[in-house]
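Numbering of ligands and ligand atoms starts at 1, following listing order. Values reported hereafter were calculated over all heavy atoms of this structure, with side chains retained and with hydrogens, waters and symmetry mates removed.
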Amino acid sequence: MGRLIAVSNRIPKPNERYSAGGLSVAVRNALEHQGGIWLGWSGETSESTDGEPKVSEVRWNNVDYVTIDLTQRDHDEYYNGFANRALWPLFHHRPGLTEFARRDMAGYYRVNQTFARTLAPMLRHDDVIWVHDYHLIPLASELRALGVKNRIGFFLHIPWPAPELLVILPNHARLAANLACYDLVGFQTKQFLDNFLHYMREEMGIESDPCGRIEAFGRSTQVGVFPISIDTEEFIRFAKEPLSPTSRRLEKSLEGKMLALSVDRLDYSKGIPQRIEAFGRFLELYPDYRHQFYALQIAPTTREQIPEYAEINREVAEVAGRVNGKFGDIDWAPIRYVNRSIARSALAGLYRCARIGVVTPLRDGMNLVAKEFVAAQNEENPGVLVLSRFAGSARELRGAIMVNPYDTDGMAHAFKAAFDMPLEERISRIKPMIHYLKEHNVHRWCREYLEALTGQRAVAQMPSVA
Ligand code: GDG
């Protein structure tokens with residue numbers, strides 16, 4: 001294999017090794033090992049005078065980090081528009097929040113063209129290209145249009161929707177044709193892969209063979225399931241370190257009460273208001289638990305320029321205030337809400353302080369927080385994971401208490417079961433999951449994907465489960 005070329009909407013800073021997430025660490029390891037390029041948006045907007053975008057390059061440990069500025073219009077149409085107001089809500093099964101505008105769609109294709117035009121002249125014939133996520137679905141077709149013949153893979157980090165929802169997008173057929181320009185398309189779960197194959201069969205009349213190969217639009221594309229994971233050893237290591245000052249402050253403030261912890265980007269797909277509502281219901285059904293626990297929600301703001309995100313911010317603050325007002329006392333309030341980011345190295349300690357980890361998205365590609373929570377637990381005295389059946393990780397983390405986040409009473413009962421769970425059962429649930437995550441870490445995910453992309457491994461259609 002030649003060099004590895006990774007492309008994603010945003011890329012980490014070259015020297016940001018430990019503050020970056022597991023995905024960045026794994027992709028960066030592969031890039032440094034093979035040598036290569038990581039291309040993405042700089043996070044900046046600037047107006048171009050000659051029609052060409054501002055491109056910056058930094059070389060660090062065998063890797064060229066290449067970033068492109070967007071114009072304000074690109075940013076509005078491609079990022080805030082088509083990617084985050086059309087694809088994100090629709091792929092998370094929220095058609096009511098989906099705003100489709102032809103202008104945004106044109107911006108989406110235009111930015112993908114800009115990425116392709118920037119990348120194509122940098123390529124060597126044996127480079128292998130790995131494209132990440134929904135912002136860049138058309139990138140391979142734009143590269144192919146420029147004559148690029150290299151192997152190109154795509155990995156979708158978010159769900160692929162059911163066919164009857166996908167067809168709401170006026171350009172659904174074009175997106176499918178865009179995907180067919182890749183040599184390998186990876187999904188997080190078998191359900192998302194099945195949604196895609198079902199769409200290809202029903203809408204396009206294209207069948208896959210038993211190995212997950214589809215012949216469409218004059219090309220052959222392999223599809224497969226590659227559930228992403230975390231840097232498990234890193235989390236275990238972090239969790240074993242002495243508690244950070246942040247975790248110590250938290251532990252002290254609990255005054256011996258139990259902690260239910262949730263960590264999410266502030267996003268309507270994560271089910272945060274429904275979860276806080278369920279804590280209110282829990283206190284209504286089981287008043288003996290008043291003063292017995294704190295539910296801490298950490299939710300840093302994201303995508304704040306998009307109106308639906310300002311709305312979820314308001315909604316979470318409102319429901320947390322209401323539940324605290326109704327069930328709180330002069331010396332205790334059940335919900336603690338922190339609307340900002342916590343240092344990555346402190347997160348593992350917080351996970352370890354928690355009796356329950358509450359991860360209840362309405363729909364989620366994988367959800368790495370669920371895996372991080374499990375990896376951070378003390379095997380001799382672990383916490384309990386309460387997990388939405390609609391998170392991709394529910395397919396693997398079978399030792400969790402599974403919930404339906406739309407069922408407030410069901411969630412309330414699950415909180416009680418989790419708080420009451422005897423030590424022996426907590427241990428017997430957590431141990432196989434930790435063992436599974438040690439085996440299935442993000443480095444393995446990265447290796448298996450790249451081996452499949454370069455034809456060194458057959459694609460497994462069904463991942464193993466914990
Ligand atoms: C997309 C898909 C898929 C969160 N708050 C803080 C913080 N985080 C970190 C977590 C975790 C990451 O952010 C969030 O990852 P998730 O997987 O939970 O969710 P998305 O951001 O929606 O990611 C998702 C993922 O891509 C990977 O394929 O699993 O389904 O939606 O690592 O720890 N990190 C820090 N402070 C915080 O306050 N440092």
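- For atom 31 (O) of ligand 1, the choice among Asp231, Leu350, Asp267, Asp364 with the nearest heavy atom turns out to be Asp364.
- Distances between N or O atoms of Ile342 and those of ligand 1 include at least one value under 3.5 Å.
- Asn441 and Tyr436 share no side-chain donor-acceptor pair at under 3.5 Å.
- Looking at ligand 1, you'll find an N or O of Arg265 within less than 3.5 Å of one of its N or O atoms.
- Using a 4.0 Å cut-off between heavy atoms, Val369 contacts ligand 1 through both its backbone and its side chain.
- The shortest N or O to N or O distance between Asp264 and ligand 1 is not under 3.5 Å.
- Proximity of Trp445 to ligand 1, defined as any heavy-atom pair under 4.0 Å, is not found for any part of the residue.
- The Ile298 neighbourhood of ligand 1 comprises atoms 38 (O), with distances under 4.0 Å to a heavy atom of that residue.
- Near Trp88, with a cut-off below 4.0 Å to any heavy atom, the atoms of ligand 1 are 31 (O).
- Between Phe155 and Trp445, the two ring planes are perpendicular [angle over 60°; tilted spans 30° to 60°].
- Ligand 1 lies nowhere less than 4.0 angstrom from a heavy atom belonging to Phe235.
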Original post:
Could you walk me through whether Asp264 and Arg275 pass the salt bridge (Lys or Arg N to Asp or Glu O under 4.0 Å) check?
Top reply: CA-CA 12 Å; Asp264 311 82; Arg275 176 187 308 157; 2.7 Å; yes
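- Checked against a 3.5 angstrom limit, the closest N/O atoms of Gln188 and ligand 1 fall inside it.
- When non-hydrogen atoms are compared, ligand 1 lies under 4.0 Å from the side chain of Ile228 (C-beta onward) but not from its backbone.
- For Leu347, every heavy-atom contact with ligand 1 shorter than 4.0 Å involves the side chain, none the backbone.
- Between the side chain of Tyr294 and the backbone N or O of Leu261, no donor-acceptor pair lies under 3.5 Å.
- In the model, Tyr65 has a side-chain atom that pairs as donor or acceptor with a side-chain atom of Arg28 under 3.5 Å.
- Using a distance-only test at 3.5 Å, with no hydrogens or angles considered, no donor-acceptor pair links the side chain of Asp104 to the main chain of Phe100.
- Contacts with ligand 1 closer than 4.0 Å are made by side-chain heavy atoms of Lys270 only, the backbone lying farther away.
- In this model, a donor atom of one side chain and an acceptor atom of the other lie less than 3.5 Å apart for Arg265 and Thr302.
- By the criterion of a heavy-atom distance under 4.0 Å, neither the backbone nor the side chain of Ile230 is placed next to ligand 1.
- Using a 4.5 Å cut-off on side-chain heavy atoms (C-beta onward), Asp69 and Thr45 make no contact.
- For Ser341, heavy-atom contacts with ligand 1 shorter than 4.0 Å involve the backbone as well as the side chain.
- Evaluated for a ring-ring contact (aromatic ring centres under 6.0 Å, His included) with Phe196, the options Phe154, Phe187, Phe91 yield exactly one hit, Phe187.
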